[in-house]
Structure formats: C-alpha cells, structure tokens
Amino acid sequence: MRLSEKEKAANRAAFRAMNLRDKAEYIFAYYKLPLVLALVAIVAFASVTRWLITHKEPLLYVAYVNVVPDERLDKTLTTDFVEAEGKSPRRCEVVCFREIYLSRDTDQQSHQYAYASKLKVMAAVDAEQLDVVLMNQEAYDLLSASGYLLDLEDAQAVAQSMTDEEEPLLVSNTVVLSDNSVEVELNEADEYEAETIEQVNALDVTALPLFADYPEDESFYLGIIANTPRLDESLAYLQYVVETD
C-alpha cells in the first residue's frame, strides 16, 4: 500500500527524531536485503578488480626436477626470460614448479616424496601445464624412460629451429616403449624385460655459463615435454638458456 504525502512526512519527522542507534536499527530492519546485496556487489567488484590488476598470463610452465637453482639463476630462468621475450613481468610470468624430486630410491621417506612429485608431474603434463624441464641426470633418465620428453631430432619444426649453438648440446637417452614391470612387481615374472629405443630428447647445458658456479660433478639437462601446446615458446626458452651468459 502506497503512503500518502502526509504519512511520508510523518515518517520522515519520526526518523529525524530518533537517536543514532534507533536510526541504525530502523535502517537495518527495513533495508537489510538491499544493504546485503549492495555489500555483495561491492565485494565482488573489488575481487574482480584485484584479479585483473594482479593476474599474470602464463608465458611458459617450467619445472626444476632434482635441481635447486640459487636466487640469481632462478631469476634468470623466470623473470629475465619474460623480459627477454619483450613481455612485461607485471603481465606475464614463467610459472615454475620447484622442489620436484624424482628417484628410484627405495628409502620410505624418499620414495613417498618422489611418488608425490611423480603424481604432480603427471597431473601437470595431463593438464598441458608443463612445457620445459630443467633436470639432473637421474631425473633425465626417469623422464626419458617414461616417454615424457619431446624428440628434438625427428620433429621437423624442432630440428629446423635448432641453432648452431644448440646442436652440439643435443643428447640422447633411453625411452621405454613397453616392459613387464607390473608383472615383476606382482611376482609374475622373474626378470625385467623392456623394449626400448634411443631418442635425442634433451640439451646437456652443464657446461654453459649459467651453470658455471655449480660443482663439476653436477649435471644439468633441458628437455621439452612432448605434449606441450607452447612449442614455440619452449624452443625460444632453450635458445635463451644457451645464449645467456
């Protein structure tokens, strides 16, 4: 029912006569829903605005597997690459998976950590959110055997993009096509048997200037994940690492 002008004036007068507490209670009682909706709208707007300001577009996904770069090298492999590609670090980023550990070690604690890391790698690969891997020898052997790494020799687009500096760094490793590991674990087979091939699937970057400060007995390899949807960016990353002093 609509109020008359006289009733509206009376309500306004009564409202003005209230003390501050009564006014607050009156407003909350009669305007609770609009106030809640307004508050929700303000919070949503603030959240969206903050996301737009702080959100960065992933330029590349990189994993350090069994490798722990120092702060200087980490910056070179992430923020500096974004700048080298002519992008703004405020708008783009190299998403980096750190502290990934893969091993055949049967020690219970090491095995649990390695198993969790393996699941993380598998999930990232399945989601196409892993492009390049920096790894040591053990990790390289495991990732190669599992078929995760791109063949850098046979892929025409890759082969044509290899620079004179990169080609001498190409290395090969074993890829397991099929095996009887499940049968061995279930004691259904006595000896491990596997069908394998050798594949050129990484760069040995150990001797590059970027890794000069690390012990001579440490090895570093760069590989591209086989199902990467960002092949051009991955190849640019390999070239960047090779050419950076």
Side-chain angles (χ1 to χ4, degrees), residues 46-100 120-121 123-136 139-140 143 148-171 200-214 219-245:
S47 299
V48 172
T49 302
R50 183 177 182 276
W51 183 86
L52 290 174
I53 293 174
T54 60
H55 175 70
K56 294 183 180 181
E57 187 71 23
L59 181 62
L60 203 67
Y61 293 86
V62 176
Y64 303 150
V65 185
N66 297 9
V67 173
V68 183
D70 58 28
E71 186 176 343
R72 176 194 62 83
L73 180 57
D74 182 70
K75 179 177 180 296
T76 301
L77 296 174
T78 54
T79 305
D80 291 353
F81 172 70
V82 173
E83 295 178 342
E85 288 294 287
K87 308 289 185 179
S88 170
R90 296 179 60 183
R91 298 297 181 188
C92 297
E93 66 176 335
V94 172
V95 178
C96 195
F97 298 98
R98 298 175 175 84
E99 299 181 1
I100 302 295
K120 189 172 184 178
V121 170
V125 171
D126 288 344
E128 295 187 342
Q129 292 183 344
L130 184 55
D131 305 303
V132 177
V133 181
L134 176 65
M135 51 202 160
N136 72 350
Y140 176 32
L143 291 172
Y148 280 121
L149 302 177
L150 181 68
D151 187 339
L152 299 178
E153 189 176 52
D154 289 342
Q156 185 175 1
V158 176
Q160 291 177 348
S161 69
M162 286 288 120
T163 65
D164 293 338
E165 293 83 3
E166 290 174 293
E167 286 187 5
L169 305 178
L170 289 170
V171 290
V200 176
N201 52 17
L203 298 181
D204 184 349
V205 296
T206 307
L208 295 180
L210 281 182
F211 305 95
D213 295 336
Y214 288 84
S219 55
F220 299 92
Y221 299 90
L222 268 179
I224 298 176
I225 296 299
N227 72 336
T228 174
R230 289 164 288 272
L231 181 57
D232 290 342
E233 292 83 355
S234 300
L235 292 169
Y237 190 83
L238 264 61
Q239 184 175 351
Y240 163 80
V241 171
V242 171
E243 296 179 352
T244 300
D245 296 328

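Starting from 1, each residue takes its place in the sequence as its number. We use all heavy atoms of the structure for the numbers below, so side chains are in, but hydrogens, waters and symmetry mates are not.
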- State whether a side-chain donor-acceptor pair under 3.5 Å links Asn66 with Tyr140.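 No - no donor-acceptor pair under 3.5 Å links their side chains.
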- Item | Mutual orientation of the aromatic rings belonging to Tyr214 and Phe220 [parallel < 30°, tilted 30-60°, perpendicular > 60°] |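 The arrangement is perpendicular - the two ring planes meet at more than 60°.
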Could you pull out the closest heavy-atom pair between [X] and [Y], with the gap in Å?
| X | Y | answer |
| --- | --- | --- |
| Arg230 | Gln129 | NH2-CA, 3.8 Å |
| Asn136 | Val67 | N-CG2, 3.6 Å |
| Thr228 | Ile224 | CG2-CG2, 3.6 Å |
| Leu152 | Ala202 | CD1-N, 3.6 Å |
| Phe97 | Ala124 | CZ-CB, 4.3 Å |
| Leu73 | Phe211 | CD2-CE2, 3.7 Å |

Spacing of [atom1] belonging to [X] relative to [atom2] belonging to [Y], to within rounding of 0.5 Å:
| X | Y | atom1 | atom2 | value |
| --- | --- | --- | --- | --- |
| Leu210 | Arg72 | CG | CZ | 6.5 Å |
| Leu60 | Asp232 | CG | CG | 11.0 Å |
| Thr78 | Tyr237 | OG1 | OH | 7.0 Å |
| Ser88 | Lys56 | OG | NZ | 8.0 Å |
| Leu208 | Leu203 | CG | CG | 8.5 Å |
| Glu93 | Phe81 | CD | CZ | 13.0 Å |

- Task: Dump the intermediate steps for side-chain hydrogen bond (donor to acceptor under 3.5 Å, both in side chains) on Tyr64 and Asp74, then the final yes or no.
- Result: CA-CA 10 Å; Tyr64 303 150; Asp74 182 70; 2.9 Å; yes
- Message: Donor-acceptor pair, distance only, cut-off 3.5 Å: does the side chain of Lys75 make one with the backbone of Asp80?
- Response: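 Not at all, since once roles are kept as given, no pair shorter than 3.5 Å links the two residues.
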- Query: Does Asp126 offer a backbone N or O that forms a donor-acceptor pair with the side chain of Asn227 under 3.5 Å?
  - Reply: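 A pair under 3.5 Å: no.
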- Message: Assess the residue pair Glu233 and Asp131 against the criterion (side-chain contact (heavy atoms from CB on, under 4.5 Å)); give the C-alpha distance rounded to whole Å, side-chain angles, the decisive distance to 0.1 Å, and a yes or no.
- Response: CA-CA 9 Å; Glu233 292 83 355; Asp131 305 303; over 6 Å; no
- Can you tell which of Leu150, Val132, Leu222 makes a side chain to side chain contact (heavy atoms under 4.5 Å, CB included) with Ser234?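 Of the listed options, the one satisfying the test is Val132.
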- Query: Given the rule in the side-chain contact (heavy atoms from CB on, under 4.5 Å) test, do Leu130 and Tyr148 qualify, once you have shown the distances and angles that lead to the verdict?
  - Reply: CA-CA 10 Å; Leu130 184 55; Tyr148 280 121; over 6 Å; no
- Message: Tell me whether the count of non-hydrogen atoms from other residues, nucleotides or ligands lying under 6.0 Å of CG in Asp70 goes above 12.
- Response: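 Buried by this count: over 12 neighbours within 6.0 Å.
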- Near Glu128 CD, under 6.0 Å, is it more than 12 heavy atoms from other residues, nucleotides or ligands?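 Result for CD/Glu128: enclosed.
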- Message: Walk me through whether Met135 and Leu149 qualify under side-chain contact (heavy atoms from CB on, under 4.5 Å).
- Response: CA-CA 12 Å; Met135 51 202 160; Leu149 302 177; 3.8 Å; yes
- Message: Does Glu166 form a side-chain contact (heavy atoms from CB on, under 4.5 Å) with Gln239? I'd like the steps, not just the answer.
- Response: CA-CA 7 Å; Glu166 290 174 293; Gln239 184 175 351; 4.1 Å; yes
- Any Tyr221 side-chain heavy atom under 4.5 Å of Asn201 side chain: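 Counting from C-beta outward, Tyr221 and Asn201 never come under 4.5 Å.
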